[in-house]
Asker: 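Here's a structure for you.
Positions are given from 1 along the sequence.
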Amino acid sequence: VTFGSLVLAGVLLALVVPKQFFPSSDRPEVLVEVYMPKGTDIEATRKVVEKIEADLRTREEPRFVDSYIGAGAPRFFLSLNPELPDPSFAKLVILTGSAAERDDLVAFVRERAESGAYPAARVRLQTLLFGPPVPYPVTFRVAGPDLGTLRELAAEVDAIMRADPRTRDVNYDWGGRAASLELSFDQTRLRLLGLDPATVAQQVSTLTSGVTVSQARLGNRTVDVVVRTPPATGQDLGTLRDLPIRTPGGGVVPLSGIAELKPMMQEALIVGRDRQPTITVRADIQAGLQPPDVTAALLPKFDEFIETLPSGYTFEPGGSVEESSKANEALAPLFPIMIALMLVIIMLQTRSFILTGLVFATAPLGMIGAVPALLLTASPFGFNAILGLIGLAGILMRNTLILVDQIEIEKNAGANSRDAVVEATVRRARPVILTALAAILAFSPLTLSSFWGPLAVVLIGGTIVGTALTLFFLPALYALMVGVDDEDSAPQTPRTDGAAPDAIPDASIVPPGAQPAT
């Protein structure tokens, strides 16, 4: 029964129990990310942010709203990575009164975004997460040398992810292509005027984007002093052709006199990974789902895509699955050392290969109680739950060691091996039950914690079942592995002269002709 329960628990853990690397935080902050098309002016981004702020003023949940336009928010939480400066990006940090208010506000802003209240922007809402920074829960990366081919492959990954109902808001980290103007220089005229493309490009950049000439102190911050032409002169596409370009001789020539402006589309952002251009296709997941489960369900759908990948291109999953594998890889080298130390300590305690195997065989039995506890409480299995299973294995092995030691004490006291097993179990019943109750009561408050909850659930469920295993399964396992008999075994008295110990005579046996002892 115990072996069958262990197999069933393993199957349920692999197929039914939801997986999660680190649990979600119960902090009341809401993060609103605003993505405009690449190349959007920062003023257009500001207008969308102001519209969102106006909608937030109509609600009672926000206690504080802070907006960061053109860049991400500072790292006020360990698992938060600030975004790079980008005029088409903005981030709002909203503080609510409680987790319930936070969820209500998220539903409101998401409904406004889906209804088209912010048509030019892609608005994403998220809450804070424990663990290492994971920008998106489900991600897949495509890498290769050619940007055009890379875009086509990313489009296939995007289509597969969008077709799955468990994902939403699928997007690229590169974003869309941005419109730009290319200067096609007339090299003959440039030479006649004493100019070169680099000099003209520098003057155009100064007139349009500006150049930093100094720095100034503004309150507690240092800001750049940028010199450029007024927006009406340098940033209007209609007047761009008439930008004045100075020649080495002191003359002025319009930009259209030395170059032709050609509109074109180009990559606004190229992300590299391991020195290869890499597009990351990312997505959020529907409520109530866990990232590892969604990633595992999506991977089989990419089998045909992976088989048809051109030479030199790679495909791999990322997100929380990748971070979880990194954590497991970091722990993997420690497990052999940990197991070896445990075996040495157990061997020193039992001084028997059979008993060492008996003690170590009880280590994985904690899953029999941990898995049902996770299912009953709807808790995900993640990093904290793994720590709980490791601690639970130690508790079970400790109980086994204590029981085996008590059996040996009973046998040395003169009981046969069958009576020794039964008596030792009865003697250890009250301490085991009281210890289990104390542990359960100690772990119960932790079940209310969003971070330590899965660990506490695993320990409570495993402790309850571990108590039953100590009282019923362990004696049977000892009898099976060591063997029991009903013959009496006399206690042994050690000899000081190095000879074999003599058995203590039975006082009830009186030799013929002798008087019984009084």
Side-chain angles (χ1 to χ4, degrees), residues 1-10 12-13 342-343 345-347 349-377 385 388-444 447 455-489:
V1 171
T2 303
F3 180 75
S5 301
L6 179 61
V7 173
L8 178 61
L12 293 176
L13 183 63
M342 290 167 56
L343 289 174
I345 294 174
I346 295 172
M347 180 63 74
Q349 287 286 108
T350 60
R351 301 184 182 183
S352 167
F353 285 105
I354 295 179
L355 295 181
T356 299
L358 170 67
V359 173
F360 204 73
T362 61
L365 299 179
M367 284 200 307
I368 299 176
V371 172
L374 290 172
L375 291 174
L376 289 175
T377 58
L389 277 181
I390 295 174
L392 195 56
I395 294 174
L396 292 176
M397 288 190 290
R398 180 207 62 185
N399 288 346
T400 307
L401 274 173
I402 294 175
L403 181 65
V404 169
D405 184 64
Q406 186 67 39
I407 292 174
E408 295 301 317
I409 293 174
E410 296 296 334
K411 291 170 67 175
N412 290 335
N416 62 60
S417 56
R418 180 180 296 275
D419 292 340
V421 171
V422 175
E423 185 64 24
T425 305
V426 173
R427 287 179 178 273
R428 297 306 307 168
R430 184 170 62 179
V432 166
I433 294 175
L434 291 178
T435 304
L437 288 176
I440 292 171
L441 293 175
F443 295 138
S444 295
T447 57
L455 180 143
V457 168
V458 166
L459 288 173
I460 290 175
T463 302
I464 294 174
V465 174
T467 303
L469 293 175
T470 303
L471 299 179
F472 297 100
F473 169 73
L474 294 184
L477 184 63
Y478 180 92
L480 180 66
M481 296 184 67
V482 179
V484 295
D485 56 66
D486 295 325
E487 297 180 1
D488 293 335
S489 58

Asker: Does Met397 reach the side chain of Met342, with side-chain heavy atoms less than 4.5 Å apart?
Answerer: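 Met397 reaches Met342 side chain to side chain.
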Asker: Please name the pair of heavy atoms, one in Val458 and one in Gly388, separated by the smallest distance, quoted to 0.1 Å.
Answerer: CG1-C, 3.7 Å
Asker: Hey, are the side chains of Pro475 and Leu403 touching, using non-hydrogen atoms and a 4.5 Å cut-off?
Answerer: yes
Asker: Go through the steps to decide whether Gln406 and Glu423 satisfy the test side-chain contact (heavy atoms from CB on, under 4.5 Å), and finish with yes or no.
Answerer: CA-CA 9 Å; Gln406 186 67 39; Glu423 185 64 24; over 6 Å; no
Asker: Side-chain atoms of residues 361-374: list all donor-acceptor pairs with protein atoms under 3.5 Å, sequence neighbours left out, distances to 0.1 Å.
Answerer:
from, atom 1, to, atom 2, distance (Å)
Thr362, OG1, Val359, O, 2.6
Thr362, OG1, Thr400, OG1, 3.2

Asker: Report yes if the side chains of Thr435 and Arg398 come closer than 4.5 Å at any heavy-atom pair, otherwise no.
Answerer: yes
Asker: Between Lys411 and Ala420, which heavy-atom pair has the shortest distance, and what is it?
Answerer: CG-CB, 3.4 Å
Asker: With sequence neighbours excluded, give me every side-chain hydrogen bond (donor to acceptor under 3.5 Å, both in side chains) pair touching residues 349-360.
Answerer: Thr350-Thr356
Asker: For the CD1 atom of Ile407 and the CG atom of Asp419, what is their distance to the nearest 0.5 Å?
Answerer: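 Interatomic distance, Ile407 CD1 to Asp419 CG, rounded to 0.5 Å: 12.0 Å.
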Asker: What's the separation between atom OG1 in Thr463 and atom CG in Leu396, rounded to the nearest 0.5 Å?
Answerer: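 With rounding to 0.5 Å, OG1 (Thr463) is 8.0 Å from CG (Leu396).
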Asker: For the CD1 atom on Ile354, are there more than 12 heavy atoms of other groups (residues, nucleotides or ligands in this structure) within a distance under 6.0 Å?
Answerer: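 Incorrect, the count does not exceed 12.
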Asker: If you look only at pairs with a residue in residues 468-480, which of them pass as a side-chain hydrogen bond (donor to acceptor under 3.5 Å, both in side chains), with sequence neighbours excluded?
Answerer: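 Pairs touching residues 468-480 that pass the test: Asn399-Thr470, Glu408-Tyr478.
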Asker: Rounded to the nearest 0.5 Å, what's the gap from CG on Leu459 to CD1 on Ile390? Could you check?
Answerer: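 Taking CG in Leu459 and CD1 in Ile390, the distance rounds to 11.0 Å.
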Asker: Looking at every non-hydrogen atom in both residues, tell me the closest pair between Met481 and Gly357 and how far apart they are.
Answerer: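 Looking at all heavy atoms of both residues, the closest pair is CE-C, 4.3 Å.
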Asker: When you compare the side chain of Ile433 with that of Leu471, does any pair of heavy atoms fall below 4.5 Å?
Answerer: yes
Asker: State, with a plain yes or no, whether a side-chain heavy atom of Thr377 is found less than 4.5 Å away from one of Thr447.
Answerer: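 No, side chains not in contact.
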Asker: Any non-hydrogen side-chain atom of Ser444 less than 4.5 Å from a side-chain atom of Ile460?
Answerer: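 With C-beta onward as the side chain, the pair touches.
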Asker: In Å, rounded to the nearest 0.5 Å, how long is the span from CG of Leu358 to CG of Leu477?
Answerer: 4.5 Å
